[in-house]
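Below you'll find the structure, written out as structure tokens, and then a few comments.
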Amino acid sequence: MSAIQKIKGFADMFGEDSRAFTRMESVARDIFTRYGFGEVRIPVLERTELFAKGIGEDTDVVGKEMYTFTDRGDRSLTLRPEATAGVLRACIEAGAVEPGKPSRLFAFGPMFRYERPQKGRMRQFHQIDAELLGSPEPQADVEVILMLRDYLEELGIGDLSFELNSLGCRECRPHYRAALTAYFESLDEEKLCEDCRRRMKTNPLRVLDCKVPGCKAMVEKAPAIADHLCAGCRDHFSAVLSLVSRAGLAYTLNPRLVRGLDYYQRTTFEVTSGAIGAQTAVAGGGRYDGLVQQLGGPDAPGVGFACGMERLALLMEKQEAPRPDFFLAVTDTREKSGAVDAAILLGHKLRLRGLSGECDYEPGSMKSRLRRAGKLNVKKCYIIGPEEFDAGKVTVKDMEEGGQLSLDIAAFD
RNA sequence: GUGAAUGUAGCUCAGUUGGCAGAGUACCAGGUUGUGGCCCUGGGGGCCAAGGGUUCAAGUCCCUUCAUUCACCCCA
């Protein structure tokens, strides 16, 4: 019988990979806590309508990438493709969203999208997500962005670019959208690629983001969102930009930064790296005023971001394995001498003293046991051979210095 | 969903015009009958992704399937 393999786009993580994730989580807890954010843990599975309503029916995520199925009670459920909708649902349900009283939350966990895997893209991937609910102020946007910057810096990831844009609000975006549609319609439609002709109907803003050279050229002369923002959005965005600059963050304005989820309003941002393959986005986020209400909650605004952990891992330095304090070697190979039992009991006492290490179950030659200790890169090797065992002693060898001494096992009680 | 590349030892990979299945590394043992790392010697390890076809003969050529990877699309 052949062994069962993991499913496409899902990954097992051992050793170094696993340590990288542990570090991302602990640094996030540290930095986010400094900003007053608290951790929430929410389910991975939600009712399908939460995402359909929250993310937008026309988006690729909802349209073709969700893991959706019917459970035994005939409910349509979906493995979350992103974090925000679930966090908001939880907060609304708990009565934890109050306009004017900001709540600050973060969460880690797996997300699921049914896509073709490639470098930096998995069907199960992990995000670090942060949400600041209840404040419409530009200062809230800025704190969220700064927190993200601090976090990435603490992880030691450099060479990233921060891109910012404003997508306008429910007042001004329709006007811009109309202007954009009018512009593209005034052109020879043949010049746009096939995808963009489709995007014209579903979401014309996304044409701005097209990478086909022909489309790029047309986009150059297209109306810019900045010129169509209403006074409120213009003021908001300039307040964000000025405060971000004063905080010393270098950013680039990207008027073509559109995001894949429909709920974004006003400020949007993306952090990208050129060093991780074709999928360059490492983190992305923005403001989503109106979403809470749309999901059945109070009229509370919000800002947040999500960070792709697999992509961050591609940029992080190797995480060295921690070095164990001891290896407890048994070189007494006599039948049933009891030396292994003695080793287990001594190992237990060492751990009660705070030391880390492992014990031998299979006695062997001095050479093989010391090789093992060297392999494990331990600081000290505790040796119980026939002579030690009969005398109630243990030999402790310093694996760096090479020196050793003999101690009474009873002295560890 | 589309395209391309790749599947040989635990891992990284060689394998010529079709002719006995290989290396490095890892693992185990030995090189001082109680002392690791470096070095030397030896050893265990393989349905050559799966199935079919061509051939005296297939890891190698042909077909099908599966898997992986990269890219498109889109996004974290």
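Bear in mind that the values here come from a model prediction, so they are computed numbers and not experimental data. Numbers restart at 1 for each chain; the letters A, B, ... are given by sequence-line order, proteins then strands.
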According to a strict under-4.0 Å criterion, is A:Ser368 in side-chain N/O contact with OP1 or OP2 of B:A29? yes
Name the nucleic acid region contacted by A:Glu115, choosing base, sugar-phosphate or nothing; use a 4.0 angstrom heavy-atom cut-off, strictly under. base
Check for me whether A:Arg123 meets the cation-pi criterion with A:Tyr114, that is, NZ or CZ under 6.0 Å from the six-membered ring centre and within 45 degrees of the ring axis. yes
B:G59 versus B:A21 - spacing of their P atoms, nearest Å: 8 Å
Could you check whether the side chain of A:Arg371 and the base of B:C28 have a donor-acceptor pair of N or O atoms closer than 3.5 Å, going by distance alone? no
Once you apply a heavy-atom cut-off of 4.0 Å, does A:Met111 come out as touching a base, just sugar-phosphate, or nothing? nothing
With a 4.0 Å cut-off on heavy atoms, is A:Gly277 in touch with a base, just the backbone sugar-phosphate, or nothing at all? sugar-phosphate
Contact summary for A:Asn165 and A:Leu257, nearest pair of heavy atoms: ND2-O, 3.0 Å
Remember a base hit wins even if backbone is also touched, and classify A:Ile128 as base, sugar-phosphate or nothing at under 4.0 Å, heavy atoms. nothing
Please find the pair of heavy atoms, one from A:Leu370 and one from A:Cys381, that lie closest to each other, and give the distance. CD2-SG, 3.9 Å
Does the structure show a Watson-Crick or G-U wobble partner for B:G44, both distances under 3.5 Å? Name it, or say none. none
Remember a base hit wins even if backbone is also touched, and classify A:Arg113 as base, sugar-phosphate or nothing at under 4.0 Å, heavy atoms. base
Strand partner of B:U68, provided both Watson-Crick or wobble distances fall under 3.5 Å: B:A5
Are A:Tyr382 and A:Phe327 an aromatic pair by the rule of ring centers under 6.0 Å? no
For A:Lys375, which contact category applies under a 4.0 Å heavy-atom criterion: base, sugar-phosphate, or nothing? sugar-phosphate
Note: for A:Gln404 and A:Arg121 on RNA chain B, the residue whose nearest nucleotide lies more 5' is A:Gln404
Please name the nucleotide paired to B:G51 by Watson-Crick or G-U wobble geometry with both distances under 3.5 Å, or report none. B:C63
Now, which nucleotide makes the Watson-Crick or G-U wobble pair with B:G34, with each of the two distances under 3.5 Å? none
Could you measure between the two C1' atoms, the one in B:C27 and the one in B:G46, and give it in whole Å? 16 Å
Expressed in whole Å, how much space separates the P atoms belonging to B:C75 and B:C62? 40 Å
Could you check if a side-chain atom of A:Arg89 sits within less than 4.5 angstrom of a side-chain atom of A:Pro43, using non-hydrogen atoms only? yes
Distance below 4.0 Å between A:Lys8 side-chain N/O and B:A67 OP1 or OP2: no
How is A:Ala283 classified with respect to the nucleic acid when contacts are heavy atoms under 4.0 Å: base, sugar-phosphate, or nothing? sugar-phosphate
Applying the 3.5 Å cut-off to both distances, the Watson-Crick or G-U partner of B:U12 turns out to be B:A23
Ignoring backbone atoms, establish whether A:Gln118 has a side-chain N or O less than 4.0 Å from OP1 or OP2 of B:A71. yes
B:U16 and B:C61, which share atom name C1', separated by this distance in whole Å: 15 Å
With both distances kept under 3.5 Å, what pairs with B:A57, Watson-Crick or G-U wobble? none
Within the 4.0 Å heavy-atom criterion, would you say A:Gln5 contacts the bases, only the backbone, or no part of the nucleic acid? nothing
First encountered from the 5' end of RNA chain B, between A:Cys307 and A:Pro386: A:Pro386
base_contact_polar (B:G31 base, A:Lys367 side chain, donor-acceptor, <3.5 Å): yes
Base, sugar-phosphate or nothing for A:Gln124? Non-hydrogen atoms, less than 4.0 Å. nothing
Is a salt bridge present between A:Asp325 and A:Lys380, judged by a nitrogen-to-oxygen distance below 4.0 Å? no
Pick the C1' atom in B:A57 and in B:A14, then give their distance to the nearest Å. 23 Å
What distance, rounded to whole Å, do you find between the two C1' atoms, one in B:G1 and one in B:U17? 42 Å
Verify the distance criterion only: is there a donor paired with an acceptor across the side chains of A:Thr280 and A:Thr272 at less than 3.5 Å? no
Is a donor-acceptor contact shorter than 3.5 angstrom present between the side chain of A:Arg116 and the base of B:U2? yes
